[in-house]
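All remarks here apply to the structure that follows.
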Amino acid sequence: MARIAGVNLPTNKRVVIALQYIHGIGPKFASDIVTKVGIAANRRVQDLSDAEVLQIRETIDAGYSVEGDLRRETAMNIKRLMDLGCYRGLRHRKGLPVRGQRTHTNARTRKGKAKPIAGKKK
């Protein structure tokens, strides 16, 4: 089992797909990493040698912000907006949609389960 950036990669998947299990690496970055290291696109994780896994790990450490660092950076950006008291920060603080979506209906992912209003008649 290959462990990169604190994530156990699934052994029976292709390397390009398995790298996407790491937070901060999507399809584009995964294919870029595989081409930089020089691994064939159809290779499986279980077929990789220790040297190739080490090369992938070093490539990711050198050029990409992933997992804990990326989560910490995102959290700090949100905290900065909230401390500034700007509109986006206030929306984060109240748990409402930040990017201009409507809230009269919908927005249930951000607002949570609908709370019934007592005595409301139609």
Side-chain angles (χ1 to χ4, degrees):
M1 173 157 307
R3 187 169 175 84
I4 299 174
V7 177
N8 294 327
L9 299 183
T11 55
N12 56 349
K13 292 190 183 285
R14 291 188 300 125
V15 179
V16 178
I17 303 300
L19 283 175
Q20 294 178 39
Y21 280 67
I22 300 170
H23 180 75
I25 296 180
K28 170 86 170 69
F29 282 162
S31 59
D32 288 351
I33 290 166
V34 169
T35 53
K36 274 184 193 173
V37 175
I39 298 173
N42 59 354
R43 292 273 303 274
R44 304 274 170 176
V45 175
Q46 61 197 5
D47 300 335
L48 293 177
S49 66
D50 290 338
E52 290 171 329
V53 172
L54 187 65
Q55 276 185 310
I56 292 172
R57 192 176 295 132
E58 288 171 352
T59 305
I60 290 172
D61 288 342
Y64 301 95
S65 176
V66 293
E67 282 301 321
D69 294 336
L70 181 62
R71 292 180 203 273
R72 195 174 310 109
E73 186 180 332
T74 306
M76 290 302 293
N77 288 340
I78 292 171
K79 186 179 182 319
R80 179 180 51 83
L81 289 172
M82 287 166 51
D83 291 344
L84 283 173
C86 65
Y87 182 78
R88 282 173 58 199
L90 295 175
R91 302 299 281 186
H92 273 292
R93 197 180 301 161
K94 292 178 182 176
L96 293 170
V98 177
R99 297 187 176 180
Q101 297 91 336
R102 66 179 295 141
T103 57
H104 180 70
T105 59
N106 303 334
R108 281 293 146 213
T109 304
R110 286 288 296 181
K111 289 169 72 174
K113 191 162 168 31
K115 300 165 202 77
I117 299 169
K120 184 176 180 184
K121 301 274 181 175
K122 290 183 183 166

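This chain uses plain numbering: 1 for the first residue, then up along the sequence.
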Separation of Arg44 CZ from Ile17 CD1 (nearest 0.5 Å)
9.5 Å

What residues, two or more places apart in sequence or in another chain, satisfy salt bridge (Lys or Arg N to Asp or Glu O under 4.0 Å) together with Arg43?
Glu52

Considering only residues two or more places apart or on different chains, which pairs with a residue in residues 91-103 satisfy side chain to side chain donor-acceptor pair (under 3.5 Å)?
Arg102-Thr105

Heavy-atom count around Tyr64 OH within 6.0 Å, excluding the residue itself: above 12?
yes

side-chain contact (heavy atoms from CB on, under 4.5 Å) partner of Ile25, the single match among Val66, Ile4, Val16:
Val66

Can you hop from Val53 to Phe29 via hydrophobic side chains spaced under 4.5 Å?
yes

Members besides Ile78 in its Ile/Leu/Val/Met/Phe/Trp/Tyr cluster (side-chain heavy atoms under 4.5 Å):
Met82

Would you say the side chain of Ile60 lies within less than 4.5 Å of the side chain of Leu19, judging by non-hydrogen atoms?
yes

Measure the spacing between CD1 of Ile56 and CD1 of Ile22 and express it to the nearest 0.5 Å.
8.5 Å

Could you pull out all donor-acceptor pairs under 3.5 Å where a side-chain atom in residues 6-14 meets a protein atom, sequence neighbours excluded?
unit_1 : atom_1 : unit_2 : atom_2 : d
Asn8   : OD1    : Arg3   : NH1    : 2.8
Arg14  : NH1    : Ala41  : O      : 3.3

Which pairs with one or both residues in residues 22-32 pass side chain to side chain donor-acceptor pair (under 3.5 Å), sequence neighbours excluded?
Lys28-Asp32

Determine the minimum heavy-atom distance between Ala2 and Val45, stating which atoms define it.
CB-CG1, 3.8 Å

Going by side chain to side chain donor-acceptor pair (under 3.5 Å), name the pairs with one or both residues in residues 70-90, residues two or more places apart or in two chains.
Asp69-Arg72, Lys79-Asp83

